[in-house]
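Right, one structure below, let's go through it.
Start at 1 and go down the list; that is how both ligands and their atoms are numbered.
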Amino acid sequence: MIKFLDLKKINDSFEPELSQAIQNVLNSGWYLTGGENKAFEEEFAAFVGTKHAIGVANGLDALRLILKAYMEMGLMNEGDEIIVPANTFIASVLAISDNKLVPVLVEPEPSSFNLDASKIEKYINPRTRAIMLVHLYGQNAMNPGIQEIIDRHKLKLIEDSAQSIGAVYGGRKTGALGHASGHSFYPGKNLGCLGDGGAVTTNDDELATLIRTLANYGSKKKYHCEHKGLNSRLDEIQATILRVKLKRLNADNKRRREIAQYYISNIKNPHIILPALTDATAVAENETAVWHLFVIRSAKREALQSFLTENGVQTLIHYPIPPHKQEAYREMNGLSFPVTEQIHAEVLSLPISPVMEDEEVKIVVDVVNRFQA
Ligand SMILES: *Cc1c(COP(=O)(O)O)cnc(C)c1O
């Protein structure tokens, strides 16, 4: 069986450095808000290309904290609206509603799966405060159309870079394109720790300080509480693991691009639509996307997935149910987003990871090409 994602193999490939790093933290006797977190924050900010990085407990918290900080600053208020792609992973939407802000869903482009700039304008009104731009599946979602809307309406651009660490737009990395960005180090992400972890990146000094405070009970000074904060910190063990893995991230993303390129060049089946890239020039340079997921579409998705399973290729669906059809968002169940609904009915994620062997990649292509509806 070719696994969808062999996490054990990925993490074993960092040994013995990984175990040594963990052992060093154990030996230090210091577990939270310490030197490893601080060093990781500096290294991660340098990697993304922002002034600040703040380690937090997970990717959802990173997004929640950005919005919470804007509310504390008085730049957003309960009931204000945040534009977010209708086909995103639920966490982007949860971060908005958790702050009593209103998620306003907008359709993606079917080819790139990313927000359709031409559909945003009609949702903008005096309560619109921000666009939460999700670089879904590891592909940059930024484009001149979105930048123009941000500038003209003076909106905040909040990036959800959970899937796109290392992806590039116009020479800059995702996570450094807007006012603030959330990142996730969930084990399956391109930069994954061995548990939960996340970070906020920003160039805004005031926002950075406030998020750091909010993530630490709202306290700058121990037992002095300035804000009604929460507890959301990156622990020393996860931070040291991330420092080890960050060093190889560029090489890992390069390997993902090689595999994606091989899939794109060799999958030939009339029942399958391959993913298209947002930025045509970057495709040629093979630079932009970091292929967190390699997502194909098929009108025969269920039959295709069964065929792949029978032939030893494990696949997953990202995601089977769009946010507006989730039970938790009953108030949106009646809305209609035809592009999003079609995407959710047709997408299938093929195996992709830095530790996949050439032989395995070839087998996936062979099985996919043999599928007949
Ligand atoms: C993984 C993910 C998140 C949430 O990250 P966690 O660390 O799992 O909380 C948010 N948005 C997107 C698009 C994600 O893929």
Ring centres under 6.0 Å, that's the criterion: do Phe44 and His183 meet it?
yes
If you measure from each heavy atom of His135 to ligand 1, is any distance below 4.0 Å?
no
Could you identify the single nearest non-hydrogen protein atom to atom 15 (O) of ligand 1 and state the distance to 0.1 Å?
Gln163 NE2, 2.7 Å
Asn24 versus Gln20, side-chain donor and acceptor atoms under 3.5 Å:
no
In the protein, what heavy atom is nearest to atom 13 (C) of ligand 1, and what distance, to one decimal place, separates them?
Asp160 OD2, 3.4 Å
Could you check atom 10 (C) of ligand 1 against the protein and tell me its nearest heavy-atom contact, residue, atom and distance included?
Ala91 CB, 3.4 Å
Work out whether the distance between some heavy atom of Asp196 and some atom of ligand 1 is less than 4.0 Å.
no
When you check the side-chain N and O atoms of Asp205 and His52, is any donor under 3.5 Å from an acceptor?
yes
Which residue holds the protein heavy atom closest to atom 1 (C) of ligand 1, what is that atom called, and what is the gap in Å?
Lys189 NZ, 1.5 Å
Near Ala162, which atoms of ligand 1 are under 4.0 Å from a heavy atom of that residue?
2 (C), 3 (C), 10 (C), 11 (N), 12 (C), 14 (C), 15 (O)
Classify the side-chain pair Arg248/Ser13 by whether it contains a donor and acceptor separated by less than 3.5 Å.
yes
Do Asp252 and Asn190 have side-chain atoms, one donor and one acceptor, less than 3.5 Å apart?
no
Check this for me - ligand 1, Leu60, N or O atoms closer than 3.5 angstrom, yes or no?
yes
Aromatic contact between His318 and Phe113, with the criterion being ring centroids under 6.0 Å apart: yes or no?
no
Residues Thr240 and Glu36: side-chain donor-acceptor under 3.5 angstrom
yes
Return a yes/no value for Gly59: is any of its N or O atoms, backbone included, closer than 3.5 angstrom to an N or O of ligand 1?
yes
Provide the number and element of each atom of ligand 1 under 4.0 Å from a heavy atom of Asn58.
7 (O), 9 (O)
